[in-house]
Colleague: 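One structure, as structure tokens, below. Some questions next.
Numbers restart at 1 for each chain; the letters A, B, ... are given by sequence-line order, proteins then strands. Side chains included, hydrogens not; waters and symmetry mates left out as well; all remaining heavy atoms used.
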Protein chains: 2
Amino acid sequence: MAIRLVIADDQAMIRTGLRLVIETAPGIEVVGEAADGRQVLTVARQLRPDVLLMDIAMPGLDGLSAARQLLEDPEPPKIIMLTTFNTDDNLHASLRARVHGFLLKSSPAEQLIEAVRVAAAGGAVIDPAVTPRVIDSFAAQPQPVPAPELATLTPRELEVLRLLADGMSNPEIARDLRIGEVTVRTHVGHILRKLSLRDRIHAVVFAYEAGVVRPGRGRDDVRDGSC
Amino acid sequence: MAIRLVIADDQAMIRTGLRLVIETAPGIEVVGEAADGRQVLTVARQLRPDVLLMDIAMPGLDGLSAARQLLEDPEPPKIIMLTTFNTDDNLHASLRARVHGFLLKSSPAEQLIEAVRVAAAGGAVIDPAVTPRVIDSFAAQPQPVPAPELATLTPRELEVLRLLADGMSNPEIARDLRIGEVTVRTHVGHILRKLSLRDRIHAVVFAYEAGVVRPGRGRDDVRDGSC
DNA sequence: CCCACAATCAGCCCAAAGTACGAGACATTT
DNA sequence: AAATGTCTCGTACTTTGGGCTGATTGTGGG
């Protein structure tokens, strides 16, 4: 069965161009087109194509927002983003949306066709010209330096450190661990001494820098109900 | 001028197979081979090829370590990693090393050849089969939630918050900003009130979670000289 | 001109945190 | 049996931090 494809771009010329290019490829069938984000949503949800080839810049609802919404659906189409200029913004936002392809419009036709096939098969394609930037971003994401002093902490102390890094006070830690506050003080003291830290605040910083705790892993007990 | 290529793999059969495949491609010339990591280092540094096609698993010095060392050199070759099985470990380590390609040995010959050309041209290639995982990792990396309350902070208060998140005490912040400690206390008080935080420790946690400060950006004034 | 806001500074009070010193219970190792 | 390490708890003391109630100065907008 042929791969069913929908093309989304605000410029009619580009749409017909893409359609012509794609239809030279066997096994791929263009089943629909859309000229803006809203059309994409209805068309894609109605036709349920295998792959969606979509420009990022479109009037009204842009391609990225449309992609994000579609990817919320059950069994969404594989989405390949197309863009004229490759800004980091477009790239990062697309990857964050977990699209299945990111190509430049300057790409040769074969690459486009190959990308459609790959996406339909469950793979993903990033334009070779932008891939170095993806790798750079990947390499740049800070990996916590495993502090050797961490090994000197006893299991209990490490436990206390985690709670400490969550912003808990000594009485709170005591309640959480079902021990006396004095004991917590002792543990905290040991932690500070072993890690050569001045106070619990430095301990929090250390915990984040060493990867003992990580940001973004929703520790919602810190924020209150103000939002 | 032809692309000068070196092949590194511990299995002689694979090397000859790769060589045969590659030499069918015009414009690419295999100028050398290596059977382990140490050989790669000497061969690559002596022949100075444009591209290095290297297996990850090799006896002695493995391909990844060799790649890391080579990429420290000035004008290193473009390095494409090859691997039989695609574990996340291999993938992440390779990308972290900033290689220019990551392919599976199961890839078709044309893809290999294309990857060599792309790498030589300054691009990079990731096997379409593993690209979804790369995108997933990318999307999974926590992007700090931009807390709206941050906007309510005055510039000065934000400044204080940053120093606060570095673990500085009130007197230290005062010295750093050349203001009185009392003023710092006032600022801190305002910060805590505006952000609905209990104490400065929660402020540190907030700063990390909201991305006001990021881990890994070497704030070495926190740790002391114990190492 | 007045008002709101930001930034600066002051004194007072109390809770929290950190330090010092000590000690008992329990486990493992020597 | 002795030593070591961990976890637990206690008392007393000092320093730091945060809340509270003020004040002054400068700046920008209505």
Colleague: How long is the span from the CD1 atom in Ile14(B) to the CD1 atom in Ile7(B), to the nearest 0.5 Å?
Modeller: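 Separation between the atoms: 11.0 Å.
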
Colleague: Is it the case that the base of dG18(C) and the side chain of Arg200(A) share a donor-acceptor contact (distance under 3.5 Å, atom types as modelled)?
Modeller: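 Counting by modelled atom types and ignoring angles, no donor-acceptor contact under 3.5 Å is found here.
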
Colleague: Do Arg185(B) and Glu181(B) sit within salt-bridge range, that is, some charged N less than 4.0 Å from a carboxylate O?
Modeller: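 Looking at Arg185(B) and Glu181(B), the cut-off is met.
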
Colleague: Side-chain N or O of Arg198(A) versus OP1/OP2 of dT19(C): is the shortest distance under 4.0 Å?
Modeller: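 So the side chain of Arg198(A) is outside the cut-off, no N or O lying under 4.0 Å from OP1 or OP2 of dT19(C).
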
Colleague: What nucleotide, of dT8(C), dT8(D), dG17(D), holds the atom closest to the side chain of His187(A)?
Modeller: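 Of the options given, the side chain of His187(A) lies nearest dT8(D).
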
Colleague: Once you round it to whole Å, what is the distance between P of dC5(C) and CG of Leu153(B)?
Modeller: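 Roughly 15 Å, once rounded to whole Å.
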
Colleague: With rounding to the nearest 0.5 Å, note down the distance linking CD in Glu33(A) to CG in Asp9(A).
Modeller: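 Between Glu33(A) CD and Asp9(A) CG, I get 9.5 Å after rounding to 0.5 Å.
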
Colleague: To the nearest angstrom, how far is Asp199(B) atom CG from dG19(D) atom P?
Modeller: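 Rounding to the nearest Å, CG of Asp199(B) and P of dG19(D) are 9 Å apart.
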
Colleague: Would you call Glu159(B) and Arg156(B) a salt bridge, taking side-chain N to carboxylate O under 4.0 Å as the test?
Modeller: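 Here Glu159(B) pairs with Arg156(B) in a salt bridge, since their nearest N and O are under 4.0 Å apart.
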
Colleague: Which nucleotide wins on minimum distance to the side chain of Arg156(A), given the candidates dA7(C), dT8(D), dA17(C)?
Modeller: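 The nucleotide sitting nearest to the side chain is dT8(D).
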
Colleague: Calculate the interatomic distance between Glu181(A) atom CD and dA16(C) atom P; express it in whole Å.
Modeller: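 Distance check: Glu181(A) CD to dA16(C) P gives 8 Å.
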
Colleague: Ignoring backbone atoms, establish whether Asn170(A) has a side-chain N or O less than 4.0 Å from OP1 or OP2 of dA17(C).
Modeller: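 Affirmative; the distance criterion is met.
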
Colleague: Is the shortest side-chain N/O distance from Arg185(B) to OP1 or OP2 of dG19(D) below 4.0 Å?
Modeller: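 For dG19(D), OP1/OP2 do not have a side-chain N/O of Arg185(B) under 4.0 Å.
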
Colleague: With a non-hydrogen cut-off below 4.0 angstrom, is Arg178(A) in contact with a base, only sugar-phosphate, or nothing?
Modeller: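 Contact class for Arg178(A): none.
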
Colleague: For Ile191(B) and dG19(D), give me the distance from atom CD1 to atom P, rounded to whole Å.
Modeller: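 Answer to the nearest Å: 12 Å.
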
Colleague: Does Thr186(A) place a side-chain N or O at less than 4.0 Å from the phosphate oxygens OP1/OP2 of dT8(D)?
Modeller: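 No, because none of the side-chain N or O atoms of Thr186(A) sits under 4.0 Å from OP1 or OP2 of dT8(D).
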
Colleague: Would you mind telling me which residue lines up with the more 5' stretch of DNA chain C, Lys194(B) or Ile201(B), judged by nearest nucleotide?
Modeller: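 Nearest nucleotide further toward 5': that of Lys194(B).
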
Colleague: For Arg38(A), look at atom CZ and say whether over 12 heavy atoms of other residues, nucleotides or ligands are found less than 6.0 Å away.
Modeller: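 Open: at most 12 neighbouring heavy atoms sit under 6.0 Å from CZ of Arg38(A).
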
Colleague: Which listed nucleotide (dA7(C), dG18(C), dG18(D)) is nearest to the side chain of Leu192(B)?
Modeller: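 Nucleotide nearest to Leu192(B)'s side chain: dG18(D).
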
Colleague: Choose from dA6(C), dT8(D), dT8(C) the nucleotide whose nearest atom is closest to any side-chain atom of Ile179(A).
Modeller: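 Nearest to the side chain of Ile179(A) among the choices is dT8(D).
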
Colleague: Return the value, rounded to whole Å, for the distance between atom CD1 of Ile173(B) and atom C1' of dA7(C).
Modeller: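 To the nearest whole Å, that distance equals 15 Å.
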
Colleague: Which value, rounded to the nearest 0.5 Å, describes the distance between Asp36(A) atom CG and Asp10(A) atom CG?
Modeller: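 Reported value, rounded in 0.5 Å steps: 8.5 Å.
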
Colleague: Just to confirm, is there a sub-4.0 Å distance from OP1 or OP2 of dC9(C) to any side-chain nitrogen or oxygen of Thr183(B)?
Modeller: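 Yes, because at least one side-chain N or O of Thr183(B) sits under 4.0 Å from OP1 or OP2 of dC9(C).
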
Colleague: Take Gly189(A) and Thr152(B), find for each the nucleotide of DNA chain C with the closest heavy atom, and name the residue whose nucleotide sits nearer the 5' end.
Modeller: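 Taking each residue's closest nucleotide, the earlier one in sequence belongs to Thr152(B).
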
Colleague: Whole-Å distance between dG18(C) P and Leu195(A) CG?
Modeller: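 Taking atom P of dG18(C) as the reference, CG of Leu195(A) is at 13 Å.
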
Colleague: Nearest whole Å is fine: how far is dG18(D) P from Leu197(B) CG?
Modeller: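 Atom CG in Leu197(B) sits about 11 Å away from atom P in dG18(D).
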
Colleague: What's the NE2-P distance between His190(A) and dG18(C), to the nearest Å?
Modeller: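 Computing the His190(A):NE2 to dG18(C):P distance gives 14 Å.
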
